[in-house]
There are 2 protein chains.
Amino acid sequence: MTVHNGATAPEGGKARRIYLLLRDEIMGGTHAPGQALPGELKLAETHGVSRVTIRRALDALVGDGLVERRAGSGTVVRQPSSTPVQLKADFATLMPQLQRMADETTARLLSFAYVAPPPPVSEALNLQAGERVQRAVRLRLASDKAFSHLTTYVPERIAQSYSEADLASTPLFRLLERRGVHIDHARQTVSAVLATPETAEALETTVGAALISLMRVVYDTDGAGIEYLSALYRPDRFQLELTLNRVGGGDDRHWEPVLTGAAQRAAQ
Amino acid sequence: MTVHNGATAPEGGKARRIYLLLRDEIMGGTHAPGQALPGELKLAETHGVSRVTIRRALDALVGDGLVERRAGSGTVVRQPSSTPVQLKADFATLMPQLQRMADETTARLLSFAYVAPPPPVSEALNLQAGERVQRAVRLRLASDKAFSHLTTYVPERIAQSYSEADLASTPLFRLLERRGVHIDHARQTVSAVLATPETAEALETTVGAALISLMRVVYDTDGAGIEYLSALYRPDRFQLELTLNRVGGGDDRHWEPVLTGAAQRAAQ
DNA sequence: AAAATTTGTATTTTAAAAAATACAGGATGC
DNA sequence: GCATCCTGTATTTTTTAAAATACAAATTTT
């Protein structure tokens, strides 16, 4: 009962589909490390494509370091020693963590300008028609590897209270609070998006790769929007984590997020 | 220097890539409803493809009912007749919410079996070699629309303490606690993945679409793994939210997640 | 040692996707 | 009205992906 498809969506190359499928099966554990995959001929048959196509998919998997091929023997799933997630952030204490990360990672400013806000930004920050925003696009790197692509929007009137240099040395929130802005609360939303040509290039990945998307809006005590942040993360280099404890007894037994004291104290 | 890509991944049709990208941007609000998209020629230029290719991508968007084309005028994003994000879950209080959602949404069991655990499951639950698990794949629907694809793994010895019928009527945790299992804590990880042929079909979306991925492992007081959950969500129908408050004063000023009943469902 | 199976490589053919191009016709603004 | 900017449509050419083969070389099995 698909709602879709008065016109069918372009389906895209078979090699790629099979590559994604096999990758998924390997990462999902359907094919255990050390285990041999079905032979190329067998794969070609079960997927209804030619061996050449299977071959191209496997080539890509080799390129990803997921499998190893041995002539005459077969194709084997590699031990996943290669790709642990580098960075993990606790979702509940995400804000202070991100600030700490600022000390431990490098940032590169990709663009900085005052522009007309995109509609969703304008709406989220409740801007007046014609009001402009400062837009900064940053790339965050850990051990020379990009893992995060950040775009921030701050209303012009607020952004003007500090300089680009201030921003480089001091967290935004410190700057704002010194200027008398009363930060009150923030709303965060996590989603998933595909890498666009721009973000793919910045994050050193391929167009169409899945990225974690985090949207954050910060408000002051009057409920006015102060900052709109759109962050994109490479899932193989960054993940959001949350630990929950089962607390209470009887009918009141429920889950509660763990707020690590360390993270809280480091908060600024 | 990239770890990846000794051989590049097959990129799959350009038309399809652009279709997915534009769809993502429209649903993400980059192009507001009622607003005109850039002209076909402009799009062709910015994406580095021919107009024909852009055209095929747009054809698919029309087929999905996302945009409307008017000869001579332009291509306009349609008013989302029925496409705001349907469900929102507060991340910090996600667990009880999911349980409540179980009452308010429909579930369809796609498969139920006792199988050998995939390596990541075996590792996360710290299973002994040869130990089997109960695997259940469920599809969760709200107003007849699938928004979540769930795969749960429970060690066989634990799973046997309840029946399939029990599971249908009572939350898993209740069942387990009645049976003397002492649930202690859980670890959750959020990431992003691409839809595979199977998940795409189940979630009524296209292969290669971006999905929110949530992995959860539940432990008992001894630190033994009890349940491994892998959940996939359509980002246009489900999102994770978290509200933070800025509390304390002076050097102790920091962020704190809002736990009180901020947990909301849908709204719209 | 021989046979069978598997990956590696190359060539040719076929099919599909993308590009390049041209022009018709609706919509809009001056 | 007229210029301009847009989508609609059609044709041709180029490029790319996939398929169909064939055979060599490495490995395992018998």
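Note that these values count all heavy atoms, side chains included, but never hydrogens, waters or copies made by symmetry.
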Enquirer: Sorted by first residue and then second, give each salt bridge (Lys or Arg N to Asp or Glu O under 4.0 Å) pair with at least one member in residues 36-54 of chain B; sequence neighbours left out.
Expert: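 Output for this query lists B/Glu40-B/Arg51, B/Glu40-B/Arg55, B/Glu40-B/Arg69.
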Enquirer: Whole angstroms only, please: what is the CD-C1' distance between A/Glu40 and D/dA20?
Expert: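 Distance check: A/Glu40 CD to D/dA20 C1' gives 16 Å.
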Enquirer: Does some side-chain heavy atom of B/Leu61 sit less than 4.5 Å from a side-chain heavy atom of B/Leu58?
Expert: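 A side-chain contact under 4.5 Å exists here.
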Enquirer: Under 4.0 Å: is that the gap between some side-chain N or O of B/Arg69 and OP1 or OP2 of D/dG8?
Expert: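 B/Arg69 to D/dG8 OP1/OP2: side-chain N or O found under 4.0 Å.
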Enquirer: What integer distance in Å separates B/Arg16:CZ from C/dA16:C1'?
Expert: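 Whole-Å distance recorded here is 16 Å.
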Enquirer: Take the protein atom CZ of B/Arg55 and the nucleotide atom P of D/dT9, then report the distance between them rounded to whole Å.
Expert: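 Whole-Å distance recorded here is 7 Å.
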Enquirer: Is any side-chain N or O of B/Thr75 closer than 4.0 Å to OP1 or OP2 of D/dT7?
Expert: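 Yes, such a contact exists.
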Enquirer: Between A/Tyr19 and A/Asp64, do the side chains contain a donor N or O and an acceptor N or O under 3.5 Å apart?
Expert: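 Yes - a donor-acceptor pair under 3.5 Å links their side chains.
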Enquirer: Indicate yes or no: does B/Lys145 engage B/Glu204 in a salt bridge with an N to O separation below 4.0 Å.
Expert: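 B/Glu204 and B/Lys145: not salt-bridged.
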Enquirer: Write down the distance between CD1 (A/Ile18) and P (D/dA17), rounded to a whole number of angstrom.
Expert: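 Whole-Å distance recorded here is 15 Å.
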Enquirer: Can you confirm whether B/Val217 sits close enough to B/Thr189 that some side-chain heavy atom of one is under 4.5 Å from a side-chain heavy atom of the other?
Expert: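 With C-beta onward as the side chain, the pair stays apart.
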Enquirer: State, yes or no, whether a side-chain contact exists between A/Ile18 and A/Val49 at a heavy-atom distance under 4.5 Å.
Expert: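 Yes, side chains in contact.
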Enquirer: Looking at B/Thr53, does any N or O in its side chain come under 4.0 Å of the phosphate oxygens OP1/OP2 on C/dA17?
Expert: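 Answer no for this pair, as no side-chain N or O of B/Thr53 is under 4.0 Å from OP1 or OP2.
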Enquirer: Enumerate the residue pairs fulfilling side chain to side chain donor-acceptor pair (under 3.5 Å) with a member in residues 146-156 of chain A, sequence neighbours excluded, ordered by first and then second residue.
Expert: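 For residues 146-156 of chain A, and leaving out neighbouring residues, there are no side chain to side chain donor-acceptor pair (under 3.5 Å) pairs at all.
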Enquirer: With a 4.0 Å cutoff (strictly under), does any side-chain N or O of B/Lys14 reach OP1 or OP2 of D/dT16?
Expert: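 So the side-chain polar atoms of B/Lys14 never come under 4.0 Å of the phosphate oxygens OP1 or OP2 of D/dT16.
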Enquirer: For residues 132-139 of chain B, dump all side-chain donor-acceptor pairs below 3.5 Å to protein atoms at least two apart in sequence or in another chain.
Expert:
unit_1	atom_1	unit_2	atom_2	d
B/Arg132	NH2	B/Tyr114	O	2.9
B/Gln134	OE1	B/Tyr162	OH	3.3
B/Gln134	NE2	B/Tyr114	OH	3.3

Enquirer: Please list residues of residues 41-50 of chain A whose heavy atoms come under 4.0 Å from any atom in DNA chain D, ordered by number; otherwise none.
Expert: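 Close to the strand are A/Val49, A/Ser50.
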Enquirer: To the nearest 0.5 Å, how far apart are NZ in B/Lys14 and NE2 in B/His47?
Expert: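 Going from the NZ atom of B/Lys14 to the NE2 atom of B/His47 covers 12.5 Å.
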Enquirer: Taking the axis from the first five pairs and the axis from the last five, what angle separates them in the helix from C/dA1-D/dT30 to C/dC30-D/dG1, rounded to 10 degrees?
Expert: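 That helix has its two terminal axes inclined by roughly 30°.
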Enquirer: Does B/Val154 reach the side chain of B/Glu227, with side-chain heavy atoms less than 4.5 Å apart?
Expert: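 B/Val154 vs B/Glu227: side chains touch.
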Enquirer: Could you state the CD1-C1' distance from B/Ile54 to D/dC6, rounded to the nearest angstrom?
Expert: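 Distance, rounded to whole Å: 15 Å.
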Enquirer: All N/O contacts under 3.5 Å from nucleotides 21-29 of chain C to the protein, with atom names and distances to one decimal?
Expert:
unit_1	atom_1	unit_2	atom_2	d
C/dG26	N2	B/Gly72	O	2.8

Enquirer: Once you round it to whole Å, what is the distance between C1' of D/dG8 and CZ of B/Arg56?
Expert: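 It is 16 Å, rounded to the nearest whole Å.
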Enquirer: At their closest point, which heavy atom of A/Pro155 faces which heavy atom of A/Leu127, and how far apart are they?
Expert: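 A/Pro155 and A/Leu127 have their closest heavy atoms at CG-CD2, 4.0 Å.
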